[in-house]
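In what follows, chains are A, B, ... by sequence order, proteins preceding strands, each numbered from 1. Just the heavy atoms: all of them, side chains too, but no hydrogens, waters or symmetry mates, feed the values below.
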Protein chains: 2
Amino acid sequence: MAHPDPGFKGTKVLLEEDEIPTKWYNIIPDLPSPPPPPLHPKTLQPITGEDLAPLFPLGLIQQEVSTERYIDIPDEVREVFKLWRPTPLVRARRLEKALGTPARIYYKYEGTSPAGSHKPNTAVPQAYFNKVEGVKKLTTETGAGQWGSALAFATCLLDMECQVWQVRASYDAKPYRKTIMQTWGATLHPSPSPLTASGRAILEKDPTSPGSLGMAISEAVEVAAADPNARYALGSVLNHVLLHQTIIGEEALLQLAKIGEKPDVVVACTGGGSNFGGLTFPILREKMAGKMNPVIRAVEPAACPSLTKGKYCYDYGDTAGLTPLVKMHTLGHNFVPDPIHAGGLRYHGMAPLVSHIYELGLIEAISIPQKECFDAAIAFARTEGIVPAPEPTHALAAAVREALLCKETGESKCILTALCGHGHFDMASYEKYLSGEMQDLEYPEEKVAAALKDLPVVE
Amino acid sequence: MAHPDPGFKGTKVLLEEDEIPTKWYNIIPDLPSPPPPPLHPKTLQPITGEDLAPLFPLGLIQQEVSTERYIDIPDEVREVFKLWRPTPLVRARRLEKALGTPARIYYKYEGTSPAGSHKPNTAVPQAYFNKVEGVKKLTTETGAGQWGSALAFATCLLDMECQVWQVRASYDAKPYRKTIMQTWGATLHPSPSPLTASGRAILEKDPTSPGSLGMAISEAVEVAAADPNARYALGSVLNHVLLHQTIIGEEALLQLAKIGEKPDVVVACTGGGSNFGGLTFPILREKMAGKMNPVIRAVEPAACPSLTKGKYCYDYGDTAGLTPLVKMHTLGHNFVPDPIHAGGLRYHGMAPLVSHIYELGLIEAISIPQKECFDAAIAFARTEGIVPAPEPTHALAAAVREALLCKETGESKCILTALCGHGHFDMASYEKYLSGEMQDLEYPEEKVAAALKDLPVVE
């Protein structure tokens with residue numbers, strides 16, 4: 001049942017720069033049905049390219065709705081990728097040994113990017129496609145800071161302006177995230193800010209508001225929409241963002257082929273869905289084509305389990321209800337997740353494309369509480385060395401579960417996961433864990449029930 | 001005069017895992033004369049292996065005094081290295097373009113190690129050679145934190161205990177450095193601590209002492225010397241530490257040969273000397289053999305310029321005068337460097353081997369003030385992406401100087417440097433620089449004159 005060990009003796013599987021994929025993979029034409037269209041928040045009609053034009057450049061809108069299976073990666077984008085790509089695929093031999101498992105665990109490590117996560121994989125092409133259409137400035141929001149850092153890095157290299165609205169609580173608590181974005185030349189604003197109408201409205205009611213991702217989105221969108229030289233950039237959820245991240249899975253397939261491996265189980269964490277889609281969509285293509293048959297499993301936090309506990313229906317992408325309505329697994333746009341350490345997974349919804357694929361039964365989903373995730377993170381750091389970001393600790397915990405299952409059954413499965421970033425800016429979370437102060441935040445049943453009462457927004 | 005461009009078109013030059021060097025290079029037998037011996041601090045006679053045995057294992061003592069040109073790297077050590085080595089050699093094309101220089105700039109990047117610097121190159125073999133002799137526990141001191149992190153990582157992977165005395169001021173100011181060492185299982189003590197006689201003596205006089213590297217060394221040495229299962233580990237200065245770091249230069253030579261390059265100028269920062277020696281000793285071997293003819297230049301901080309302004313004489317390695325006397329370029333063992341941001345370069349002396357080679361006229365040395373270094377760091381981060389640690393910003397500033405000289409002369413020189421670590425745990429320094437609050441700390445002439453009055457300790 002499990003694929004036999006093909007006998008790879010090394011630790012890292014590397015690719016040369018000229019092996020960086022030349023095309024992104026668009027999974028939509030390979031699906032039995034396309035995902036339901038986003039709806040305009042006022043007309044409730046399927047949204048058009050024109051509706052999106054004030055916020056996104058044409059090049060990205062075309063990718064968002066494309067039915068082409070492959071989309072060329074521009075040479076200029078591949079040139080920037082060469083600063084850190086291809087990323088290594090690593091056999092976690094020391095972790096396997098510590099677990100005493102016959103399983104083979106591989107992780108695709110995206111923390112080698114200068115910004116420290118997989119986010120530059122989409123930040124760079126988003127900046128590029130804006131730049132070729134004459135856009136001078138990008139605006140965005142950031143909570144945990146990984147996405148803001150990636151966009152600051154990308155715009156800096158492409159000589160564009162970048163304005164980031166950082167949730168006030170995060171702006172105050174994580175000064176080093178702010179500083180690294182400024183090092184790359186970005187302008188930071190704590191959100192809510194007095195610079196926008198939406199920010200001012202919030203500050204008038206509550207001058208000490210700690211902010212939220214929803215508020216920060218409103219501010220970034222407002223500024224982009226009002227400035228013809230500016231556009232808005234989003235770090236996950238949308239089709240074109242997941243498209244850009246498929247470079248992770250394409251490289252992983254090349255690397256697995258090099259050593260004769262085929263995965264039996266693929267686990268990846270999912271918040272908005274870009275890391276999960278990025279690793280797994282190319283693998284799902286191979287699976288649908290009958291070339292391999294892995295179980296593909298999304299892993300989400302127990303405190304914010306949109307896929308496993310949410311409702312599949314049309315909902316807003318933001319709290320204020322300004323974004324298009326998308327059909328997705330959602331805990332309700334009024335749901336405010338508890339403050340778990342994996343800030344990048346604290347999103348009430350899920351990428352519509354991941355949601356659709358889950359509904360089609362092509363993938364599985366589980367949720368894991370954060371203490372088990374940090375158990376796995378410590379086991380990983382103490383064997384493989386790298387200190388993971390809180391988000392991919394969910395994938396590591398799922399990989400450990402699977403490896404321990406193999407220990408019971410004696411099966412030598414090939415487990416593939418994505419280590420989508422390092423935790424160098426998240427040491428406060430490790431401090432909490434190591435000092436025994438970390439709390440497990442379980443599924444907030446009543447809060448979700450209350451938030452779901454407002455759904456569906458439309459039938 | 002400058003080597004012509006051999007036409008390498010890529011960005012990174014990679015090596016496979018089986019190209020990790022199998023031997024360290026010991027430069028001593030290739031020098032026209034050996035460096036003067038260390039002297040016992042009490043007898044003033046050349047120190048013996050027995051004198052060192054309470055602190056270091058025999059394997060490392062043998063390396064310290066070896067006259068063999070090459071020393072085998074144990075397979076077990078190379079296996080650990082495979083977690084991140086070989087490290088990339090990168091052509092800094094975007095930096096070159098931004099500077100408008102015809103020079104070709106290459107940097108060897110050591111920040112891919114889990115601990116984020118070149119220090120694990122010696123931490124892992126030091127832990128290994130202790131372990132094979134039955135040592136269960138290593139003690140050390142750390143100031144800036146790079147060395148403590150590296151030893152915590154190395155001992156963790158080799159399943160040994162690690163106790164780190166962290167200078168109290170750094171322990172309080174850099175809590176995330178403390179947390180990453182704890183993540184790898186190390187025990188941290190702020191120094192001065194009540195755990196040692198030397199710590200208690202200091203605390204009795206001054207219960208709020210901020211500590212110093214000298215005090216922390218005394219505590220770590222005291223604990224190791226009193227425990228037959230423990231030894232002490234040092235992160236720079238000693239011959240065997242520089243020996244271990246030659247893996248950097250050996251890999252760089254392989255990488256340069258792959259693309260047909262020969263360096264015209266090699267610049268590396270130097271504090272204790274391990275990064276500088278690591279990159280340049282193998283290159284110096286090639287130069288002495290007539291195979292290439294680069295200028296080799298050490299770069300030190302203007303505020304702590306031991307090579308360029310110090311006295312070459314016997315002095316103590318620590319403030320308290322407990323260590324052996326070594327002949328080196330020193331600002332005096334009572335010299336306390338001003339608090340520049342490159343904490344890893346704040347050492348009053350220089351590796352005896354680097355000092356000796358400088359006296360032989362085989363290398364050059366310059367000093368650069370820190371604001372120029374951070375200018376270079378920002379230029380680097382905004383073109384190449386990586387945010388450098390404060391220490392290698394000195395090497396980058398020297399590379400930029402050389403590249404701008406090429407712009408004037410029109411020469412297309414090949415410049416090689418070492419980017420020995422990332423700055424993810426040094427963002428407070430960038431914050432200072434970006435907010436305009438960073439001060440240039442110039443050469444403290446009077447303070448050095450006062451410290452030099454006590455020298456030489458012996459003729």
Side-chain angles (χ1 to χ4, degrees), chain A residues 9-18 79-86 88 90-94 98 111-116 120 153-154 156-157 159 175-180 182-185 377-378 381-387 422-435, chain B residues 9-18 79-86 88 90-94 98 111-116 120 153-154 156-157 159 175-180 182-185 377-378 381-387 422-435:
Chain A
K9 300 287 180 217
T11 299
K12 299 188 296 305
V13 188
L14 301 178
L15 298 173
E16 292 290 330
E17 284 177 3
D18 57 13
E79 278 306 311
V80 178
F81 284 166
K82 288 179 183 174
L83 291 175
W84 76 95
R85 299 207 76 84
V90 189
R91 171 98 185 250
R93 292 188 184 279
R94 286 165 195 275
T112 58
S113 80
F153 158 71
C156 179
L157 263 64
D159 207 14
Y176 297 153
R177 270 287 176 203
K178 182 181 68 182
T179 306
I180 200 166
Q182 289 169 331
T183 297
W184 285 311
I378 294 288
R382 291 184 180 177
T383 50
E384 300 296 314
I386 298 166
V387 177
H422 62 62
H424 299 170
F425 293 90
D426 303 284
M427 294 316 298
S429 301
Y430 281 88
E431 206 285 321
K432 268 252 155 62
Y433 175 86
L434 291 167
S435 65
Chain B
K9 300 287 182 217
T11 299
K12 299 188 295 308
V13 188
L14 302 178
L15 299 173
E16 292 290 330
E17 284 175 4
D18 57 14
E79 278 306 312
V80 178
F81 284 167
K82 288 179 184 173
L83 290 176
W84 77 95
R85 301 205 74 85
V90 189
R91 170 96 184 252
R93 292 187 185 278
R94 286 165 197 274
T112 57
S113 80
F153 158 73
C156 179
L157 262 65
D159 207 13
Y176 297 153
R177 270 288 174 203
K178 180 181 68 183
T179 306
I180 200 166
Q182 289 169 331
T183 298
W184 285 313
I378 293 289
R382 291 185 179 174
T383 50
E384 299 296 315
I386 298 166
V387 177
H422 62 63
H424 299 170
F425 292 90
D426 303 285
M427 294 316 297
S429 301
Y430 281 88
E431 207 282 322
K432 267 252 155 60
Y433 175 85
L434 291 167
S435 65

Exercise for the section: Under 4.5 Å heavy-atom distance to chain B, tell me which part of Y430(A) shows up: side chain, backbone, both or neither. Expected result: both
Problem - Residue part contacting chain B, namely of A98(A), when any heavy atom lies under 4.5 Å - result: neither
Problem - Backbone of G10(B) reached by a side-chain donor or acceptor of R93(B) within 3.5 Å - result: yes
Problem - chain A contact via Y176(B) - side chain, backbone, both or neither, heavy atoms under 4.5 Å - result: both
Completion exercise
Given R94(B), E431(B), K12(B), K82(B), the one with more heavy-atom pairs under 4.5 angstrom with chain A than any other is K12(B)
Problem - Best-contacting candidate, D426(B), T383(B), V90(B), against chain A by heavy atom pairs under 4.5 angstrom - result: T383(B)
Problem - Closest-packed option against chain B by number of heavy-atom pairs under 4.5 Å, given L14(A), D18(A), V80(A), T112(A) - result: V80(A)
Exercise for the section: Kindly give the heavy-atom pair with the smallest separation between R382(A) and T183(B), and that separation in Å. Expected result: NE-O, 2.7 Å
Problem - Which of T179(B), L83(B), V387(B) touches chain A most, by non-hydrogen pairs under 4.5 Å - result: T179(B)
Practice task
For the pair Q182(B) (side chain) and L434(A) (backbone), establish whether a donor and an acceptor sit closer than 3.5 Å, ignoring hydrogens and angles.
Solution key: no
Exercise for the section: Identify the heavy atoms of P86(B) and E16(B) that sit nearest to each other, and give their distance. Expected result: CG-O, 3.3 Å
Handout entry: chain B contacts, top residue of I378(A), L157(A), I386(A) (heavy-atom pairs, under 4.5 Å)
Key = L157(A)
Handout entry: Pairwise side-chain contact, H424(B) with H422(A), heavy-atom cut-off 4.5 Å (strictly under)
Key = yes
Completion exercise
Tightest non-hydrogen contact, residues S113(B) and P120(B), listed as OG-CG, 3.6 Å
Fill in the blank from the handout: Looking only at A115(A), P175(A), C156(A), most heavy-atom pairs under 4.5 Å shared with chain B are made by C156(A)
Problem - ring pair (Phe, Tyr, Trp, His ring centres under 6.0 Å) involving F81(A) - partner list, sequence neighbours excluded - result: W84(A)
